[in-house]
Each structure stands twice: as structure tokens, then as C-alpha cells.
Amino acid sequence: MKNITVIGSGTMGNGIAHTFAQCGYLVNLVDVNEVALQKAIATITKNLDRQVQKGIISEEAKAATLKNISIGTDLTKMAANADLVVEAASENTDIKFKLFKQLDEICPPSTILASNTSSISITQIAAVTKRADKVIGMHFMNPVPVMKLVEVIRGYSTSDEVCDLIMDTSKKLNKVPVEVNDFPGFVANKILMPMINEAIISLNEGVAGVEEIDTVMKLGMAHPMGPLQLADFIGLDVCLNILRVLQDGFGNPKYAPSPLLVNMVTAGHLGVKSGQGFYDYSGGSKDLVLADRFRKKINATL
Ligand code: NAD
């Protein structure tokens, strides 16, 4: 495999493009939004600069990585020669089903179609194509250039050959792939999202404030980041969509999203990407700053 098309240039897409390009693959990065593409190139450049400063890569490697990435908004042109497509568009079933239908028509029959979805059924995505054996989940973690795990999700019809190839490709990206079956949320989000949701429910109930909840989980459970900061980092809209997939997929009310999460997403407070979530990122400070909404000292009892 040489030619990789990455679809969606947001939080995950730019990291996936960066990682493939750094390992010598030729990457076409596609988005419907030209501004998102420009922002992605700026983010990739900034992250490569950081790698150079830390002595992880050379200036030449940075230049070679950037040279391996082309950007564009024309899906047909950008996906026509792909050996592998990694779709990282918004976590929305309609968007993903439409994209995979289009890709099935645009790409050569041999192209493997992977989705970076956090929770949507790979079997359902595969069912809109005529190549269900070549559809697979390739779930990278955020931030992609740093995080080692790739959750490789085998759909009901994914072939052994395709699964082996994606496990192998993940290793070539210096990642550790783990094969899992196709269940709502797979392993990572079936376990992570109920924890994040419970943290938001606890905040809403007045059990403790934002910093207190995050500190308990960081220092008490040795998590590198508290669940509310992590939710901001993932994107509150992404968290909400995943919880809805879990709720629908298992038919179990225990996955019902906290009303506070729903309100925050409706209000456009999506976390890091919008500048406001549980914390305020608008000042560009390296230290965590609480969002105004969550500043007041809580003193609630049930
Ligand atoms: P995001 O909102 O940051 O970016 C999504 C991008 O997709 C946007 O730039 C949008 O313009 C683009 N897009 C939407 N429809 C498109 C289309 N039809 N064609 C091309 N581009 C399109 O989202 P994200 O956080 O990068 O998430 C992308 C995927 O990765 C989702 O499936 C999400 O569940 C998954 N994921 C997210 C995280 C995370 O931490 N954010 C982690 C793992 C997996």
C-alpha cells in the first residue's frame, strides 16, 4: 500500500494524515471545508515543529512529511487511486453511509475502506457498499502522532486477509494494533464514555466541581487526564454522538447522555475545538483555566 486517502481533516484526520505521511505513505487529505484543510496543514506543521524541537525527527523528515501530503475538496479526484481510504469525517451515520456509498463507486475494487469511527457499526457501514469484505474499522486515538493504540474493528464480513493487512499496516505506522469485534463503542468507548458521562452527571448533581472531579480521577486512579478535560479534548459533540450510538445500540438507558452534556453541545460549547467546554481554551494559556460557567463554588446537597 502506498496511496492513502484520509477523509475529514479535523481533530483526527490531520493526525492520521501526519502519521501516514511521516511513515512514507502518500496522503490525499480531503475535507468538504477548505478552511478545515488549511487549519489541518497549520496543525500538522506545528506538531512536526514540536517533534523537531524535541529531537524526535530531523528538519529533512519534517519537509518530507509535508511533501507527502496533498489537500483537496474533490472526493472523486482525491480517492480515485487510493489503496486504502481512512475515513475520519464527523461522527454521524448519515455522513458516513453517504461517504462509503460514494467511495465504493469512486475507488478501484481492490481499495480497502477503513473508518476511524469511535462507535458506529462497521457492519452497518460495510452494508452500504458492495465490498463488505474490504471494510474495516481503524480506530486511532487522539492525538494520533503520539498515541500508540489502533483498535482494529472486524466487521461481520471483514475478510481475514484485510484484517491482517490492516494489523500489519498499523505496525508499519509504529502503532500497536488490537483486534476487536464489532459492538457499539467497540472496547475503547464502550468503557470510556460511560465514565465520562458519569463525571458529567456527577458535576450536574453537584457531587463536586470540575477541577475536583478531574483531580480525583487523575491522582486517585492514575489517569493522565481527568474525564472532563478528556471530554473537552475529544470534543463534547463527539462524546454525545458516541453515547447516543451506545444507547441505541444496546437499548440500555444506562448510556443516556447527561442533560448537561446535551445542553453544552446545543450551546456550541464543544471543548478545545470551540474554545470552551468545561475549561476555557480561548486565552491560549498552557495552564487549565475553568470555564466561567463552572467557576462558582459548589455547595449542593441532594
Ligand atoms: P471533527 O469534528 O474535528 O472533524 C470532522 C471533519 O470532517 C470536519 O473538518 C468536517 O468538515 C469534515 N467532514 C464532515 N463531513 C464530511 C464529508 N462528507 N467529507 C469530507 N469531510 C467531511 O471530528 P473528529 O474529532 O476529527 O472525529 C472524526 C472521526 O474520528 C469521528 O468518526 C470520531 O468519532 C472519530 N474519533 C474521534 C476521536 C477524538 O478524540 N476526537 C478519537 C477517535 C476517533
Side-chain angles (χ1 to χ4, degrees), residues 5-19 28-44 71-79 82 85-103 106 113-122 124-125 128 136-153 170 175 178 180 184-193 196 225 227 229-246 249 265 268-275 277 281:
T5 296
V6 177
I7 300 178
S9 66
T11 311
M12 295 303 287
N14 79 66
I16 296 169
H18 174 151
T19 302
N28 279 348
L29 179 59
V30 193
D31 203 291
V32 281
N33 182 344
E34 179 64 44
V35 177
L37 285 169
Q38 296 302 337
K39 210 172 144 193
I41 291 296
T43 304
I44 294 169
I71 53 172
T73 52
D74 183 342
L75 182 66
T76 306
K77 208 170 108 197
M78 301 294 278
V85 175
V86 182
E87 172 275 320
S90 315
E91 185 76 346
N92 172 300
T93 44
D94 291 343
I95 291 178
K96 295 208 192 282
F97 292 166
K98 189 168 166 218
L99 268 171
F100 274 78
K101 250 189 212 156
Q102 285 176 290
L103 288 167
I106 294 166
L113 305 180
S115 176
N116 183 55
T117 177
S118 306
S119 60
I120 298 170
S121 159
I122 298 300
Q124 270 185 38
I125 293 176
V128 306
I136 190 160
M138 201 175 184
H139 184 207
F140 291 88
M141 304 292 131
N142 184 15
V144 183
V146 177
M147 297 290 279
K148 280 283 175 203
L149 179 69
V150 181
E151 211 179 10
V152 174
I153 302 115
S170 304
K175 303 292 184 199
V178 175
V180 308
F186 320 126
V187 171
N189 284 307
K190 184 174 185 295
I191 296 172
L192 175 65
M193 283 305 149
I196 285 179
M225 208 184 260
Q229 185 189 359
L230 181 58
D232 274 357
F233 191 60
I234 293 169
L236 300 190
D237 52 339
V238 176
C239 294
L240 178 59
N241 283 334
I242 298 171
L243 281 162
R244 287 192 165 137
V245 169
L246 291 172
V265 173
H269 290 221
L270 308 181
V272 177
K273 67 178 150 190
S274 74
Y281 306 90

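By convention here, the first residue in the shown sequence is residue 1. Fair warning: this is a prediction, and the values are worked out from it, not measured in the lab. In listed order, ligands and their atoms are each counted from 1.
For ligand 1, the atoms sitting less than 4.0 Å from at least one non-hydrogen atom of Lys96 are 31 (C), 32 (O), numbered in the order shown with element in parentheses. Listed by number with element, the atoms of ligand 1 under 4.0 Å from a non-hydrogen atom of Thr117 are 32 (O). Within ligand 1, the atoms closer than 4.0 Å to a non-hydrogen atom of Ala36 are 9 (O), numbered from 1 in the order shown.
Residue contacts with ligand 1, taken as heavy atom pairs separated by less than 4.0 Å, involve Ile95 solely via side-chain atoms from C-beta onward. Within the 4.0 Å heavy-atom criterion, the part of Ile7 lying near ligand 1 is the side chain and not the backbone. In Asn142, the part holding a heavy atom less than 4.0 Å from any atom of ligand 1 is the side chain. Counting heavy atoms closer than 4.0 Å to ligand 1, residue Phe140 contributes backbone atoms (N, CA, C, O) but none from C-beta onward. Contact annotation: for His139 versus ligand 1, heavy atoms closer than 4.0 Å belong to the side chain alone.
Atoms CG and CD1, on Leu113 and Ile125 in that order, are 10.5 Å from each other to the nearest 0.5 Å. Here the CD1 atom belonging to Ile234 is positioned 11.5 Å from the CD atom belonging to Glu91, to the nearest 0.5 angstrom. Note that CD of Glu87 is 12.5 Å distant from OG1 of Thr5, once rounded to the nearest 0.5 Å.
In terms of protein heavy-atom proximity, atom 41 (N) of ligand 1 is nearest to Ile234 O, 2.9 Å. Counting only heavy atoms of the protein, atom 27 (O) of ligand 1 lies nearest to Met12 CG, 4.1 Å. Protein heavy atom closest to atom 29 (C) of ligand 1, with residue, atom name and distance, is Ala89 O, 3.3 Å. Looking from atom 21 (N) of ligand 1 to the surrounding protein, the closest heavy atom is Val32 N, 3.5 Å. Closest protein heavy atom to atom 4 (O) of ligand 1: Gly10 CA, 3.4 Å. At the shortest separation from atom 23 (O) of ligand 1 among protein heavy atoms lies Lys273 NZ, 4.2 Å. The nearest protein atom to atom 12 (C) of ligand 1, hydrogens excluded, is given as Asp31 OD2, 3.3 Å; this is a heavy-atom distance.
A 4.5 Å side-chain heavy-atom check between Glu151 and Val187 finds at least one atom pair inside the cut-off. Contact of the Ser170 side chain with the Val152 side chain is registered, since non-hydrogen atoms from C-beta on lie closer than 4.5 Å. With contacts defined as side-chain heavy-atom distances shorter than 4.5 Å, the pair Val265/Leu270 qualifies. Between Val180 and His139 there is no side-chain heavy-atom pair separated by less than 4.5 Å.
Residue contacts with ligand 1 do not include Met141, since none of its heavy atoms lies under 4.0 Å from the ligand. For the pair Ala88 and ligand 1, a heavy-atom separation below 4.0 Å is found.
Across the listed options Ser90, Ser118, Gly8, Ser90 owns the non-hydrogen atom lying nearest to atom 5 (C) of ligand 1.
Between Phe186 and Thr117, the shortest heavy-atom distance links the atoms CE1-O, 3.4 Å. Shortest non-hydrogen contact noted between Pro184 and Gly249 is CG-CA, 3.8 Å. Taking both residues in full, the closest heavy atoms of Asn142 and Phe233 are given as ND2-O, 3.5 Å, listed atom of the first, atom of the second, then distance.
When only interatomic distances are considered, the shortest N/O to N/O separation between Glu91 and ligand 1 falls below 3.5 Å. Between Asn116 and ligand 1, at least one pair of N/O atoms sits closer than 3.5 Å.
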Met12 vs Val6, side-chain contact (heavy atoms from CB on, under 4.5 Å): CA-CA, chis, key distance, verdict: CA-CA 10 Å; Met12 295 303 287; Val6 177; over 6 Å; no
